[in-house]
Amino acid sequence: MKFKDYTYRRPDMAAFKTQFEKLLADFVQAPDVETQNRLIADINALRNDVETMIKLVQIRYSIDTTDAFYEAENDYVDENLPIYEDLVVDYYKALVASPYRQQLAERWGKQLFDYAACKLKTSNPTVLPLLQRENKLGSEYRKLMSSAKIEYNGKTYNLQQMGPFMQVADRAARRAAADSYMTFFEQNEAQLDRIYDDMVKVRHEIAVALGFANFVELGYARLGRTDYDAAMVAGYRRQVLSAVVPLATALKARQRQRIAVDKLKYYDEAFSFVDGNATPKGSAEQLVDKAQAMYRELSAETGEFFDFMVDGGLLDLEAKQGKSGGGYCEFINDYKAPFIFANFNGTADDVETLTHEAGHAFQVYSSRNYALPEYVWPTLEACEIHSMSMEFITWPWMENFFKEDIAKFKFSHLANALTFIPYGVTVDEFQHFVYENPTASPAERKAAWREIERKYLPHRDYDGNDLLERGGYWYRQGHIFYDPFYYVDYTLAQVCALQFWHKMSGDGRAAAWDDYLKLCQAGGSRSFLGLVELANLQNPFIDGTIASVMQPVSDWLSAVKDDF
Ligand SMILES: [Zn+2]
């Protein structure tokens with residue numbers, strides 16, 4: 001069956017609510033554990049039906065935001081999602097309070113209960129108006145960012161469209177593009193400060209109302225983090241400071257020499273090679289054919305998976321008019337089908353996006369048969385291990401995509417993986433400052449950002465740009481606004497992905513592939529550190545891990561001559 005033939009009918013939320021509440025009442029009054037087991041299955045069947053329809057709407061609307069039918073359906077989903085989520089919270093309450101909890105945990109696994117207990121800490125009816133206010137502020141930020149109209153060379157562009165101009169070979173043009181890009185933030189500084197200040201205050205208020213000292217612990221609970229805390233993350237950042245920052249600084253020095261500038265300024269950082277970045281060779285259709293051949297060669301499991309994606313029409317890859325931005329992977333519950341969405345534009349990002357999203361999709365395809373929706377996906381930092389590792393696992397086939405640019409591709413892929421980590425922890429440390437000091441002023445926040453940036457990104461040179469010098473770089477980082485504390489996740493996953501990169505490059509390839517497969521099949525049935533252990537990966541929070549993971553990366557990069 002093809003994606004286009006998946007039938008959509010608007011979920012009747014009133015009927016759903018009635019049925020759900022009936023099952024939940026039966027669950028609470030169940031005379032024995034067998035009855036509760038059966039009711040868990042019934043409740044999940046009902047959830048899967050509604051979630052299937054929600055996903056179909058969201059995917060089809062993102063493919064064509066000018067489609068009036070799905071636009072209306074999308075509004076309907078937005079309005080009803082909070083009702084759905086509330087009901088799931090009620091179910092979690094009943095689960096955690098069950099007199100048969102012990103036996104239920106034996107049957108369904110401990111992770112379901114840890115996860116449910118964690119989610120329960122994040123909401124109660126008294127904070128609903130505050131949560132709505134928080135969501136509204138998110139929409140305000142989204143609207144402001146998408147309203148950007150940047151005048152450049154006589155034309156008007158949005159923020160994304162400015163990207164290519166900031167990477168051109170002509171340094172003066174690069175600088176002019178970066179300056180124009182920054183004017184949007186300069187003109188909207190007060191507005192951005194006000195939105196973020198309101199967000200921080202409302203989040204603090206929610207946290208206090210829920211019994212937390214500040215938003216930090218609540219932020220972690222929202223992300224379903226059951227096995228690490230802020231103190232462990234602080235220790236991890238210290239490891240990054242000592243083991244990654246010097247390597248990243250050295251890579252930036254190499255870049256400066258490679259592109260032949262006297263000092264590497266902020267507008268030079270995205271420009272890596274004098275004669276341009278690696279580009280994939282071939283049309284989007286040809287890239288998919290190459291990917292299909294690659295996944296058949298990689299393993300029986302990935303071959304079956306990718307054939308399923310292609311046969312089911314479950315990939316929408318090319319940038320088109322009316323399509324929303326970015327890339328993602330979704331899972332359509334009742335069809336047990338992953339879906340990959342991207343916006344190919346002819347850059348190296350196309351191949352990286354395809355292998356990245358295919359990593360997510362392969363994981364969810366591998367864990368699609370779990371009876372619990374909670375176990376289909378793990379928490380976000382674990383999710384990114386599958387995707388980022390897949391980018392490296394497919395290295396042996398990358399020559400088919402990049403041809404003569406292969407050396408450039410591999411070098412920049414690995415170098416960027418490393419230099420990303422200090423930036424990622426900058427974003428993280430900043431957010432800890434913000435939520436631990438909820439009364440700090442916008443100017444104090446910016447000063448804190450700049451200080452943290454100097455620590456982790458010592459090479460960064462803003463060349464006198466006033467707003468950037470005062471600490472305004474982070475305005476562009478949507479995660480800071482929408483998803484507090486979700487960002488360090490990418491760095492934790494990268495530390496794991498780099499372990500797969502190393503293991504897969506040597507004699508251990510077969511064993512490492514088995515570990516990867518095990519990790520994907522485990523889905524969300526374990527916590528982050530439980531999955532790390534299952535996949536025979538070193539725990540990023542243990543002192544010394546980061547240094548040992550970075551050693552082979554640094555050796556590999558040092559062995560490459562900068563003669564691109
Ligand atoms: Zn991802």
Side-chain angles (χ1 to χ4, degrees), residues 55 58-59 62 160 222-225 287 291 295 302 305-306 309 314-317 319 323-332 337-345 347-368 375-395 398 412-414 416-421 423-425 427-428 476-501 504 516-517 519-524 527-528 531-532 535 537 540:
K55 308 282 179 57
Q58 290 172 335
I59 293 169
S62 69
Q160 280 78 18
R222 280 187 180 181
L223 291 163
R225 294 176 178 173
L287 295 187
Y295 281 121
T302 50
F305 146 72
F306 206 77
M309 299 298 289
L314 293 158
L315 306 134
D316 196 292
L317 305 174
K323 195 169 165 176
S324 77
Y328 66 77
C329 168
E330 254 306 351
F331 179 68
I332 310 163
F339 187 91
I340 294 179
F341 176 97
N343 274 286
F344 280 7
N345 62 3
T347 67
D349 285 353
D350 294 355
V351 177
E352 281 173 47
T353 303
L354 182 59
T355 53
H356 181 99
E357 299 304 338
H360 286 308
F362 178 62
Q363 176 264 302
V364 76
Y365 183 80
S366 304
S367 61
R368 70 193 182 282
Y375 288 0
V376 172
W377 295 104
T379 46
L380 297 169
E381 72 295 69
C383 276
E384 294 305 326
I385 306 178
H386 316 117
S387 54
M388 291 175 148
S389 301
M390 183 63 96
E391 293 178 36
F392 289 119
I393 289 168
T394 51
W395 261 29
M398 284 299 112
S412 57
H413 185 198
L414 195 62
N416 292 343
L418 188 155
T419 54
F420 170 72
I421 296 172
Y423 174 69
V425 303
V427 171
D428 186 60
R476 72 189 65 187
Q477 194 67 59
H479 303 74
I480 293 176
F481 291 82
Y482 302 127
D483 303 298
F485 295 110
Y486 171 51
Y487 203 71
V488 77
D489 301 55
Y490 292 106
T491 76
L492 291 167
Q494 192 71 276
V495 167
C496 295
L498 289 170
Q499 296 178 55
F500 273 118
W501 166 79
M504 299 288 293
Y516 180 77
L517 198 56
L519 178 71
C520 291
Q521 289 164 346
S527 63
F528 172 59
L531 291 167
V532 163
L537 295 166

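As the structure lists them, so they are numbered: ligands from 1, and atoms in each ligand from 1.
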Can you check whether His356's main-chain N or O pairs, donor with acceptor, with Glu391's side chain at less than 3.5 Å?
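Side chain of Glu391 to backbone of His356, a donor-acceptor pair under 3.5 Å: no, none is there.
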Using modelled atom types and a 3.5 Å cut-off, is there a donor and acceptor pairing between side-chain atoms of Ser387 and backbone atoms of Gly359?
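Checking the backbone N and O of Gly359 against the side chain of Ser387, no donor-acceptor pair under 3.5 Å is found.
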Mind checking side chain to side chain donor-acceptor pair (under 3.5 Å) for Thr419 and listing every partner two or more places apart, or none if nothing turns up?
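Checked Thr419 against side chain to side chain donor-acceptor pair (under 3.5 Å); zero matches.
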Protein N/O/S atoms closer than 2.8 Å to the Zn ion (ligand 1)
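Short answer, with waters excluded from the count: His356 NE2, His360 NE2, Glu384 OE1, Glu384 OE2.
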Any salt bridge (charged side-chain N to carboxylate O under 4.0 Å, His left out) involving residues 485-497? Give me the pairs, sequence neighbours left out, ordered by first then second residue.
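Listed by first then second residue: Arg225-Asp489.
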Does one side chain, of Tyr423 or Gln477, offer a donor that lies under 3.5 Å from an acceptor on the other?
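Looking only at side-chain atoms, Gln477 and Tyr423 do form a donor-acceptor pair, the distance falling under 3.5 Å.
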Taking only residues two or more places apart in sequence, or in another chain, which ones meet Phe306 in a ring-ring contact (aromatic ring centres under 6.0 Å, His included)?
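Partners of Phe306 under the ring-ring contact (aromatic ring centres under 6.0 Å, His included) test: Tyr295.
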